[in-house]
Amino acid sequence: MKRIMIDQAKCDGCKSCSIACMQAHRTDEGTVYDLDLTDIHNESRNHIIEMEDGTYRPIFCRHCDQPECVMSCMSGALTKDPATGHVLYDGTKCGSCFMCVMNCPYGVLKADTATRTKVIKCDFCIDAGGEPSCVKACPKNAVFVEEVVL
């Protein structure tokens with residue numbers, strides 16, 4: 001199964017991965033040049049946190065082997081695809097209880113800022129096919145896809 005991996009030592013906090021994620025998931029037909037980074041309806045599914053020592057920590061969904069978010073989802077909005085191992089989110093089934101957010105051991109999942117009715121999480125750019133947009137956009141190759149044997 002493929003997973004997005006991070007080499008934290010290479011990350012310089014440029015947030016190219018986050019911007020690429022926002023662009024990939026925006027609902028209008030705009031370009032990255034007119035992307036409103038302050039629009040709460042256009043949230044990145046990954047996060048870059050600046051640590052106290054000045055280094056950066058990229059946070060991405062790990063698509064866990066036994067995802068606690070899926071186990072705690074009472075509505076069935078979160079499922080694990082047995083073929084790919086990806087944790088998938090169906091917003092039409094989400095009851096907005098956010099048990100998944102509370103149970104993610106990595107603090108990756110979050111409620112959307114705009115309406116607080118859906119969960120924001122990495123979807124591995126499944127609809128785009130091929131390599132996730134965050135991986136393509138990273139100039140330092142700090143974010144990459146790797147085949148993981150379970």
Side-chain angles (χ1 to χ4, degrees), residues 1-8 10-51 55-64 67-70 72-104 106-148:
M1 116 177 211
K2 292 183 179 182
R3 288 198 175 147
I4 296 174
M5 307 299 282
I6 312 295
D7 185 343
Q8 188 171 338
K10 290 182 179 180
C11 181
D12 65 2
C14 73
K15 297 191 179 183
S16 292
C17 57
S18 295
I19 294 168
C21 179
M22 292 169 76
Q23 175 65 23
H25 293 91
R26 67 190 291 183
T27 56
D28 62 10
E29 298 296 321
T31 68
V32 72
Y33 301 108
D34 65 359
L35 180 63
D36 182 359
L37 301 179
T38 64
D39 183 354
I40 60 174
H41 296 283
N42 186 22
E43 296 185 66
S44 175
R45 281 127 173 90
N46 57 51
H47 321 288
I48 308 298
I49 299 171
E50 184 173 4
M51 306 304 286
T55 60
Y56 296 92
R57 183 174 176 205
I59 309 289
F60 288 77
C61 181
R62 297 173 184 246
H63 298 278
C64 301
E68 293 181 35
C69 61
V70 172
S72 65
C73 180
M74 296 178 281
S75 68
L78 285 170
T79 56
K80 183 163 179 149
D81 183 335
T84 64
H86 296 142
V87 175
L88 307 175
Y89 172 68
D90 180 351
T92 63
K93 294 182 180 179
C94 185
S96 303
C97 69
F98 302 117
M99 290 300 294
C100 58
V101 173
M102 292 183 270
N103 284 297
C104 176
Y106 301 104
V108 175
L109 303 179
K110 65 179 186 173
D112 72 296
T113 307
T115 63
R116 301 199 54 79
T117 59
K118 62 182 178 179
V119 174
I120 302 294
K121 74 165 291 304
C122 172
D123 61 1
F124 214 83
C125 291
I126 290 171
D127 292 337
E131 194 172 42
S133 56
C134 58
V135 172
K136 290 180 197 176
C138 183
K140 303 280 185 168
N141 296 321
V143 182
F144 57 96
V145 173
E146 185 174 283
E147 187 72 34
V148 177

For residues [X] and [Y], report the shortest heavy-atom separation together with the two atoms involved.
| X | Y | value |
| --- | --- | --- |
| Val148 | Met5 | CG2-SD, 4.4 Å |
| Val108 | Cys61 | CG1-N, 3.4 Å |
| Cys94 | Thr117 | SG-O, 4.1 Å |
| Tyr89 | Val119 | OH-N, 3.0 Å |
| Ser75 | Gly95 | OG-N, 3.8 Å |
| Cys17 | Phe60 | SG-CZ, 4.0 Å |

Are any of the side-chain heavy atoms of [X] and [Y] separated by less than 4.5 Å?
| X | Y | answer |
| --- | --- | --- |
| Cys97 | Met74 | yes |
| Arg3 | Glu146 | no |
| Thr79 | Asp90 | no |
| Cys138 | Lys10 | no |

Could you state the interatomic distance from [atom1] ([X]) to [atom2] ([Y]), rounded to the nearest 0.5 Å?
| X | Y | atom1 | atom2 | answer |
| --- | --- | --- | --- | --- |
| Lys118 | Ile120 | NZ | CD1 | 5.0 Å |
| Thr115 | His41 | OG1 | NE2 | 8.0 Å |
| Lys15 | Met22 | NZ | CE | 10.0 Å |
| Phe124 | Cys134 | CZ | SG | 8.0 Å |
| Arg45 | Lys110 | CZ | NZ | 9.0 Å |
| Asn103 | Leu109 | CG | CG | 9.5 Å |

Mark yes or no for whether [X], through its side chain, and [Y], through its backbone, hold a donor-acceptor pair below 3.5 Å.
| X | Y | result |
| --- | --- | --- |
| His63 | Gly85 | no |
| Ser72 | Glu68 | yes |
| Glu43 | Thr113 | yes |
| Lys80 | Cys64 | yes |
| Lys93 | Leu78 | no |

The single option from Asp36, Asn42, Val32 passing side-chain contact (heavy atoms from CB on, under 4.5 Å) against Arg26: Asn42
NZ/NE/NH1/NH2 to OD/OE distance under 4.0 Å, Arg57 and Glu50: no
Using side-chain contact (heavy atoms from CB on, under 4.5 Å), reason through Ile4 and Val143 one step at a time and then give a plain yes or no. CA-CA 7 Å; Ile4 296 174; Val143 182; 3.6 Å; yes
Give the intermediate values and the outcome of side-chain contact (heavy atoms from CB on, under 4.5 Å) for residues Gln8 and Tyr56. CA-CA 7 Å; Gln8 188 171 338; Tyr56 296 92; over 6 Å; no
If only side-chain N and O atoms count, and only distance matters, is there a donor-acceptor pair under 3.5 Å linking Gln23 with Ser133? no
For the NZ atom on Lys121, are there more than 12 heavy atoms of other groups (residues, nucleotides or ligands in this structure) within a distance under 6.0 Å? yes
So His25 and Cys125, side-chain contact (heavy atoms from CB on, under 4.5 Å) or not? Walk me through it. CA-CA 9 Å; His25 293 91; Cys125 291; 4.1 Å; yes
Ile59 and Asn46: CA distance, side-chain angles, deciding distance, side-chain contact (heavy atoms from CB on, under 4.5 Å) verdict: CA-CA 6 Å; Ile59 309 289; Asn46 57 51; over 6 Å; no
